[in-house]
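Counting begins at 1 with the first residue of the sequence.
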Amino acid sequence: MGRLYNEPSPLEVKIVTRNFGLPNSESIDTYLAHQGYEALKKAIGMSQEQIIDEVKASSLRGRGGAGFPTGMKWGFVPRQLDKPKYIVVNADESEPGTCKDRLLIEFDPHQLIEGILIAALAVGAEKGWIYIRGEYRYLIDIMDKALAEAYAHGFLGKSIAGSQFKFDLYTQTGAGAYECGEESALLESLEGNRGIPRIRPPFPAVSGAFQCPTVLNNVETFCAVPAIIRDGGKAFADLGIPKAGGTRMVCIAGHVNKPGVYEVPLGFPMMKFINEVAGGIPNGRKLKAVIPGGSSCPILRADECDLNMDYDSLAKAKSMLGSGGMVVMDETTDMVKVALRIMRFYQHESCGWCIPCREGTTWLRKMLQRVTDGQGMTRDIDLIGDLAKNMLGRTFCPLGDAAALPTISLVEKFRGEFEAYVAKNPLAKNELVSVG
């Protein structure tokens, strides 16, 4: 399997991707030759509180989309409870535009294992699972080989690295459901049930896998942990900005000269990333819009993209850093078709558990299809926006919001393109009700 990204950019800061490009980077011998498992050995000599404090000092925030502080999340696990504690890795990378976790498993699986082990030390866990997206089946072979190597070298099982620490780790495949990227649906699937979301609270830190306290983070989050313990939380924090430390892998696709996956410090300027890291827009065309962090993020117009890539800056722009899946669109892009393409995905992937999502995504797709087919009315544009707004905050999990947020932004920011489609319908000229 070849690399998914172009040659590294000189503007990258390589922390979690530092071993990419090494011969046999997925093997334990290569990993050990490049400080592999040194952070684990250091963590074994630390207390649980010291490990969590170091992660807190790093300002590491979850790289799966929500951006919740990782050290705080680990600190929520009630270690005094007489129940097993578990570690679960979300490798169900299903957000359109995102493919970074795939590379971390493909090229450096032992870094992930080491991060998991340090998390287990921090909360007193003795068992864990790596839940891998169904379409990523070939990664399970890579991960299983790495697990076998780790067991053979004494980094999994009993008496890890000659200590009293013991931990067992397994892979688990999903069935290709986007819904199982949501942590509670993932846990249901892991337990052998239908992958539908749970009502929260309780949250996984208190009642997660098999109703036991569980640390659940995504692949990139765990992969950042060895560097934090090895080099110190402050050193990691200083790579980024206040309240958001370290680097971030960004997958950039669409209308750029060098699409791929790059690792840059949090707070890196978005336009500099597009123009200098990803080589700019081809054929002399102009930037029209950017999906900054995966299809669930509200879209940004070109005039809104002069900002830094961090959680708070994107939030101020009323969008999200998301899962790092950036899609760049030039002036030739039809934004109505973008809205339809996105909604087809979410309508197909809705688990159907709650009515606002199941019915909302279905009717949004139907209305967007009607507009795209030249059969829409002016009132349809407003109905699309109103329906999307009424879905917000009314579903068990964020899938409803993920469908609604980009739709709202597309209708509001590119309404003229929707109106141009409506103008193709002769009946719209005699429309009796024209709202807006």
Side-chain angles (χ1 to χ4, degrees), residues 94-97 175-182 185 194-197 254 288-289 291 294-299 301 318-320 322 325 327 329 332-436:
S94 303
E95 179 77 1
Y178 175 81
E179 176 60 33
C180 289
E182 194 276 332
R194 181 184 172 196
I196 55 176
K288 182 174 185 176
I291 297 173
S295 64
S296 60
C297 299
I299 201 164
R301 297 189 310 265
K318 298 183 178 180
S319 189
M320 299 180 290
V327 182
M329 291 165 276
T332 66
T333 306
D334 185 324
M335 306 311 287
V336 181
K337 290 183 178 179
V338 169
L340 176 60
R341 180 70 172 268
I342 290 173
M343 194 51 60
R344 281 175 175 166
F345 173 81
Y346 287 111
Q347 189 267 331
H348 178 267
E349 292 294 338
S350 174
C351 75
W353 185 239
C354 49
I355 293 171
C357 182
R358 182 182 70 235
E359 298 298 321
T361 55
T362 298
W363 282 103
L364 283 172
R365 180 192 59 77
K366 288 180 178 180
M367 288 190 287
L368 286 165
Q369 187 70 61
R370 188 161 66 228
V371 171
T372 306
D373 290 343
Q375 299 173 1
M377 308 291 274
T378 302
R379 60 177 176 265
D380 287 332
I381 304 173
D382 298 284
L383 282 171
I384 290 167
D386 289 343
L387 173 54
K389 289 174 183 176
N390 278 290
M391 289 169 61
L392 287 175
R394 291 178 170 87
T395 54
F396 280 109
C397 84
L399 194 149
D401 290 358
L405 287 168
T407 305
I408 293 168
S409 65
L410 282 159
V411 170
E412 289 180 349
K413 295 179 181 182
F414 298 96
R415 185 182 177 93
E417 295 192 31
F418 287 83
E419 292 174 342
Y421 267 93
V422 169
K424 297 176 183 179
N425 182 8
L427 295 177
K429 296 178 181 178
N430 302 316
E431 192 172 5
L432 294 176
V433 181
S434 180
V435 183

Can you confirm whether V371 sits close enough to I384 that some side-chain heavy atom of one is under 4.5 Å from a side-chain heavy atom of the other? yes
Would you say the side-chain atoms of E95 pair up with the backbone N or O of S296, donor to acceptor, closer than 3.5 Å? yes
Locate the shortest heavy-atom distance separating P398 from E182; write the atom from each residue and the value. CD-CG, 3.7 Å
For residues R394 and K389, report the shortest heavy-atom separation together with the two atoms involved. NH1-O, 3.9 Å
Hey, is E412 close enough to K318 for a salt bridge, meaning N to O under 4.0 Å? no
Give, for atom CG of L368 and atom CE of M343, the distance between the pair rounded to the nearest 0.5 Å. 6.0 Å
Does D334 form a salt bridge (Lys or Arg N to Asp or Glu O under 4.0 Å) with K288? I'd like the steps, not just the answer. CA-CA 10 Å; D334 185 324; K288 182 174 185 176; over 6 Å; no
Output all residues satisfying side-chain hydrogen bond (donor to acceptor under 3.5 Å, both in side chains) with Q375, sequence neighbours left out; order by chain, then residue number. none
Which atom pairs, donor and acceptor, lie under 3.5 Å between side-chain atoms of residues 354-362 and protein residues at least two apart or in another chain?
{"from": "R358", "atom 1": "NH1", "to": "G352", "atom 2": "O", "distance (Å)": "2.9"}
{"from": "T361", "atom 1": "OG1", "to": "C357", "atom 2": "O", "distance (Å)": "2.6"}
{"from": "T362", "atom 1": "OG1", "to": "R358", "atom 2": "O", "distance (Å)": "2.8"}

With sequence neighbours left out, write down each residue that passes ring-ring contact (aromatic ring centres under 6.0 Å, His included) with F418, or none if nothing qualifies. none
Closest non-hydrogen atoms of P197 and C351, given as atom of the first, atom of the second and distance, are CD-SG, 3.9 Å
Flag the pair E179 and R194 as a salt bridge only when some basic side-chain nitrogen lies within less than 4.0 angstrom of an acidic carboxylate oxygen. no
Which value, rounded to the nearest 0.5 Å, describes the distance between L383 atom CG and M377 atom CE? 11.5 Å
Hey, what do you get for NZ (K424) to CG (D373), rounding to the nearest 0.5 Å? 10.0 Å
Hits for ring-ring contact (aromatic ring centres under 6.0 Å, His included) against F345, two or more places apart or cross-chain, chain-then-number order -> Y178
Closest heavy-atom pair and its distance - D380, R370: OD1-NH2, 2.9 Å
Taking the side chain as every heavy atom from C-beta outward, state whether M329 and M335 have any pair of such atoms under 4.5 Å apart. yes
Under a 4.0 Å threshold between the charged nitrogen and the carboxylate oxygen, would R379 count as salt-bridged to D386? no
Would you check if W363 and M391 make a side-chain contact, meaning some heavy-atom pair closer than 4.5 Å? no
Among all residues two or more places apart in sequence or in another chain, which pass the side-chain hydrogen bond (donor to acceptor under 3.5 Å, both in side chains) test with R341? none
Note, L340 side chain near R344 side chain (heavy atom, < 4.5 Å): yes
L364 and Q347: CA distance, side-chain angles, deciding distance, side chain to side chain contact (heavy atoms under 4.5 Å, CB included) verdict: CA-CA 8 Å; L364 283 172; Q347 189 267 331; over 6 Å; no
Which atom pairs, donor and acceptor, lie under 3.5 Å between side-chain atoms of residues 401-411 and protein residues at least two apart or in another chain?
{"from": "D401", "atom 1": "OD1", "to": "G393", "atom 2": "N", "distance (Å)": "2.9"}
{"from": "T407", "atom 1": "OG1", "to": "A403", "atom 2": "O", "distance (Å)": "2.8"}
{"from": "S409", "atom 1": "OG", "to": "I299", "atom 2": "N", "distance (Å)": "3.0"}
{"from": "S409", "atom 1": "OG", "to": "L405", "atom 2": "O", "distance (Å)": "3.4"}
{"from": "S409", "atom 1": "OG", "to": "P406", "atom 2": "O", "distance (Å)": "2.8"}

Compare all side-chain heavy atoms of R365 with those of Y346 and state whether any distance is below 4.5 angstrom. no
